[in-house]
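Mind looking over this structure? Questions follow.
Side chains are part of it too, since the values below use all heavy atoms of this structure and drop only hydrogens, waters and symmetry mates. Letters A, B, ... are given to chains in the order of the sequence lines, protein chains preceding strands, and every chain is numbered from 1.
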Amino acid sequence: MTRLYAAACLIVVALSAPFWEVSAQEQPDSCVACHQNFGDDRLGKPVKEFASDIHSTRGFGCVACHGGDANDPGMGAMDRAKGYIGKPARKELAQLCGRCHSDARFMRQYNPSLRVDQVAEYYTSVHGQRLSRNGDEKVAVCVSCHPAHSIRPPSDPRSSIHPLKVAETCGRCHADAKTMEPYKIATDQLGKYRESIHWRTMSVKGDLSAPTCNDCHGNHGAAPPGMSWVGNVCGQCHTVMAEFFAQSRHAKVFAQMGVPGCATCHSNHDIKETGDAMVSLEQPGVCVGCHTNQDNGGKVALQMRAALDSLSGEYNKAHAILLQAERAGMEVSQAQFELNGAKDALVKGRAAVHTFSVEAISKETLPGLEIAKKAYARGLRVLDELEFRRKGLAVSLIIILALIVGVVLKIRQMERKKKAE
Amino acid sequence: MAADATKPRGKLWSWLDERVGLADLEKLAKKKQIPVHRHMVWYYLGGMTLFLFVIQVMSGILLLLYYRPSAEEAYESVQFLMAEVQFGWLVRSIHAWSSNLMIFTLFVHLFSVLMLKAYRPPREITWFSGMGLLGLALGFGFTGYLLPWNELAFFATKVGTEIPGVIPLVGPFFRRLLRGGDEVTGATLTRFYGIHVAILPALTMLALGLHLFMVQKHGMSTPPGVERQGGEKRVMPFFPNFFLRDLVGWLSAVAALAALAAYFPVELGQKADPFQPAPIGIKPEWYFMFMFQTLKYLPAEILWIEGEILGVLGFGLGGLFLLMVPFLDRRTARGEPSQLFAWIGIGIIGYILVLTYLGYTVSPTK
Amino acid sequence: MAEENTNPEPSRRNFLNWFLNTSGGAFLLAVFYPVSRYLIPPEAAESSTGSVTLALKPDDVKANTGQIFKFANRPAILVRTAGGELRAFSAVCTHLSCTVQYRGDIGHIWCACHNGHFDLNGQNIAGPPPRPLDAFVVNVRSNQIVVSRSA
C-alpha cells in the first residue's frame, strides 16, 4: 500500500516537474510537494491551511511538529528513524507544543513578549487535570482551540481565539449537549453569554476589551472561578464596585452563606445591563430573594432606591426641559454642560449601591440633586424667556395689525373721496 | 401722503423740492397707472418679492456684524449670535424665513407672469432680467445655506456641489471652482461667503435695476385674455392707491415673518464635521427639492448616458427653454391665444409641485 | 352714506391720520427696538471657537495639578505634569461619560465613577474605560493659555 502511494507520489511529482524544480531550489519540502497534489482532501487540506498559519509565515515547516525529513523526495521522508511521528497523540500534544512554547530562550527570537507558561497553566486547568489524572482524551488540548494547521494570533479577526470568536470556540464543546453529557455540566453558558451585556458591548459596540469566556475563566488554565474569589475576577474591571462590596456587610454574610459575591445578584453568564430597578423588593429587583419590607435590609433597599430615583428623576426632568428649550431654538449649552455634574453624581451613586449604605449613596446623590434642580430652574427661566418672546410677538403683531387697518381705512377714505369728486 | 398736489407743503418739502425735484418724482409716481381687472392680485407679488429682498439686505447687514466666515469660527459665531447677542435669534430667524418667503413669492411671481403671458413683446428684457434674478436668488439660497457651517448644510452643500461635477469636460473644473478645492472645506465656506455678501448682491443690484427700469418703462402688462375681452379699461394710480395696497401686503409679510421667527426659530444643529458619515435623509432647501428628487428617480444609465448627466442637462435645457419663452411663443407675440404655452406652464408648475411633494413624503432610504 | 360728505368728514379724517401716525410710530419702534438692542455688544465679548483661551494664567496651574474647563460645550482637563509641562485632554471618560480629574497622589488622570485611570498621554491604563481620552493642543502665548483641537 505504501509502495503504491510512493509510486503515485513520484508520478505526480514528475508531472509537475517545473513547479518542483523552482521550489526545490528555494526550499525542498517533499511534504508539501506530495500532500498538495493528492486528490485526497484529508491529505491535502493541512498543507493548504498551513500556508496562512503563523508558524508557516515565520518559516516553520511540517517537520517542526511532525518530524521526518522534508529533503527526502520519497516515502523516506516519513521514516520513523528520521524522527517522523505522524499525527501527534492528543495526550502528548501539550509537551510537543511546549518544546518551543515553554522555552523562553527560543520564543524570545520570535515573540519576546509572549508568555511561556501555557503548558504549565494547562495542567492546572480542569482540561489538563482530567487529561493527566484520568487519561480523558476527550478534553480540550492545544489544537481544540488553536486549530492545528491554521493557527493565527488573537489579534487576527479570522483567528479562533480573536475576542469575538472565543465564545464560539469554547462553545463548540461546551454548548454541545452530547459532548458534555459524560461530565454532567450545563451547556447553556454560550446561549446565556450571548444574552449578556458583556457580549453586547463586545459585538455591538465593538469594545474588544469587554470580557469573553477566558477573561473570567482563564484560558490555558481554564476553570470556574471559586465562590470566594469571583469578586476578585469581576473586580479586575469593576474595581469600585468590588471595593465597595468587599467592605460591605454583604461580603461577610454571603461568605457565610456560601454564595458567590457578585453573581448572587448579577448572575454569571447572562449578566444583564444593570438598572435602578434591580434595587427593589419587587421583580425584577434582586433584593427580594432575601429581604422583605419588614426587615431592616429591605427598608435600606427602599431608601437606596428612593435616593437613586429622586436624582434620576430630577436629572431626567432637567435634561428634558433643556432639550425642549434647545429644540425651541434657545441656547442652553452652558446649562447642559453643568448638568453633566448631575449625571456624574448619578453614576457614582449607582456605584455606591454596592456599599449597601444609604449614607454612602446620599453623599453622592445629594450634590447631584442640587445641580439637577439648578439646571431645571435654568430651563424654566429659558422657557419663560420664550414666553416673553411670544408676548413681544403678540404686541408687535397688534401694532402691525393696527397699522394695516389704518392703511386700509385710508385707502377706502381716499377712494370714496375721489368718487365723490 | 395726501392726494392733493396743490396743498401747501412743509418747509422741508420745499427745501428738498428745490434741490432734488420732489415734485417731479411725485408727478412720475402719480402718472404711473395700474390696470384694474380680475387678475390684478398677481401684480402684488413682484413688489412683495422686492420688499422681502430689502428685508434680506437689512437683516443680512445686521448678521454681518457678528458672523465670522471661517470653518473654525463660523458655527461658534452663529451660536454666539443666537445665545449671547440680544435679539440675535430674531435677526437670524427673520433672515432665514424671509429668504424662504422671498423665493416662494419669486416663484409665484414667475409663474403668474408666465401664465398671464406678461413676457410678450415688448417685455422680453423684463422677462430675461427676471429670470436672471431667479438664478441669483437661488444662488443666494444655496450659498447662504452653508454659512452656519452645521452638519446638514455641510452635507447638502457637498451633494449640491457634486451635481455640476457630472457635466462632461467642464464639470470637474466647475466643481473645483465652486468649492475652492477638491472637497467642501473651510475654503468653500470663505468662497461662499464672498459670493453671498459681495458678488451676488452686486449682480442683483444690476439685474434688479434693469428689471425695475423696464417695469417702469413699459408699465404693468394687461393679460391678453383681459385685453381681448375689451370693455372699459379701468385703471388706478400707482401712488398712492396701489402703493398703499402694496403696503398692506408688506405689513402682512412682516407679521408673518415675526410669527414664524418667534414660533419656529431657525435651529443651528450640530457643527459640521467633515470626517463624520453623512446623516440619513440629507435634504436640500425646499426650492431645490424637485431637482434633487428628479435626480434620485433617474436610473443610473439612460441609453449610454449617465442618468445624472442627463438630469442636469435636462434642467439646463429646461431653464434655457423657460428663458427663451418670449421668442418661442410666437402666437402670443402676434396677439393670438396660445393654448400650448398655457399648458406648458401648467405642466411645469404641476411637475414642481408633485416632485417637491414626493421629496418630502417618500422615505429617504427608498 | 350721505353724512360722509357733510360735517363729520374732517374729524374722522383727523382721527384716521392720528391713528395712522401713532401705529406707524409704534411699528417703527417695534422694529428699531430689537435692532438697537442687537447692536449693543453682549457681555461675553467673543464667541468660543475651535480653540479656547482659558481664563487661567499659566502660573495659576501648579505642577502636578489639573483644572477642568469648558471646551466646545464639553468638559476638558488641563494638566500640568510634575515635570512642568501643560497638557489638555477631553475630560469625558470614555466609559460612561463622567468627568475625569487629575490626581496628584498617583500622578495621572482618574475617573471617580468607576476608578478608570488614564496616563498623561490620555491612554486608558486601568479600569473599565475602553478608549483613550482625546488629546488637545496647548499653546502658551505670552500670558495666555490657548487650547485647540489637534488638526
> What parts of residues 27-36 of chain C touch chain A if we use heavy atoms and a cut-off under 4.5 Å?
Replying inline: F27(C), A30(C)
> Do S310(A) and T365(A) have side-chain heavy atoms sitting under 4.5 Å apart?
Replying inline: no
> Salt bridge between K317(A) and E314(A), side-chain N to carboxylate O under 4.0 Å?
Replying inline: yes
> Can E387(A) and K391(A) be counted as an ion pair, charged N to O under 4.0 angstrom?
Replying inline: no
> Is R350(A) salt-bridged to D276(A), going by a charged N under 4.0 Å from an acidic O?
Replying inline: yes
>> Are more than 12 heavy atoms, taken from residues, nucleotides or ligands other than K165(A), located less than 6.0 Å from that residue's NZ atom?
In response: yes
>> Could you tell me if the side chain of R378(A) sits less than 4.5 Å from the side chain of E338(A), heavy atoms only?
In response: yes
> For E415(A), does the CD atom have more than 12 heavy-atom neighbours from other residues, nucleotides or ligands under 6.0 Å away?
Replying inline: yes
> Could you give the distance from CG (L311(A)) to CG (L366(A)), rounded to the nearest 0.5 Å?
Replying inline: 9.0 Å
> Which residues pass the side-chain hydrogen bond (donor to acceptor under 3.5 Å, both in side chains) test with D207(A), sequence neighbours left out?
Replying inline: S209(A)
> For W18(C), does its backbone N or O pair with a side-chain atom of N21(C) as donor and acceptor, under 3.5 Å?
Replying inline: no
> Between L16(C), T22(C), N17(C), which has the largest tally of heavy atom pairs under 4.5 Å with chain A?
Replying inline: L16(C)
> According to the interplanar angle, ranging from 0 to 90°, do the rings of F69(C) and F71(C) count as parallel (below 30°), tilted (30 to 60°) or perpendicular (above 60°)?
Replying inline: perpendicular
> So, do M414(A) and K417(A) sit near enough that their side-chain heavy atoms are less than 4.5 Å apart?
Replying inline: no
>> Name the residue from L403(A), L409(A), V408(A) that meets the side chain to side chain contact (heavy atoms under 4.5 Å, CB included) definition with V405(A).
In response: L409(A)
> In terms of heavy-atom proximity below 4.5 Å to chain C, should V407(A) be classed as side chain, backbone, both, or neither?
Replying inline: both
> For the candidates M241(A), K205(A), K343(A), which exhibits the highest count of non-hydrogen atom pairs separated by less than 4.5 Å from chain C?
Replying inline: M241(A)
> Under a 4.5 Å cut-off applied to non-hydrogen side-chain atoms, are M202(A) and L208(A) in contact?
Replying inline: yes
> Which bit of E364(A) is near chain C, if near means a heavy-atom gap under 4.5 Å: side chain, backbone, both or neither?
Replying inline: neither
> Listed by residue number, which members of residues 83-99 of chain C have a heavy atom under 4.5 Å from any heavy atom of chain A?
Replying inline: L96(C), S97(C), C98(C), T99(C)
>> For a quick test of reading the model, state the closest non-hydrogen atom pair linking L164(A) to S203(A) and the distance between them.
In response: CD2-CA, 3.9 Å
> Is there any residue in residues 102-121 of chain C with a non-hydrogen atom under 4.5 Å from a non-hydrogen atom of chain A, and which ones are they?
Replying inline: A112(C), C113(C), H114(C), N115(C)
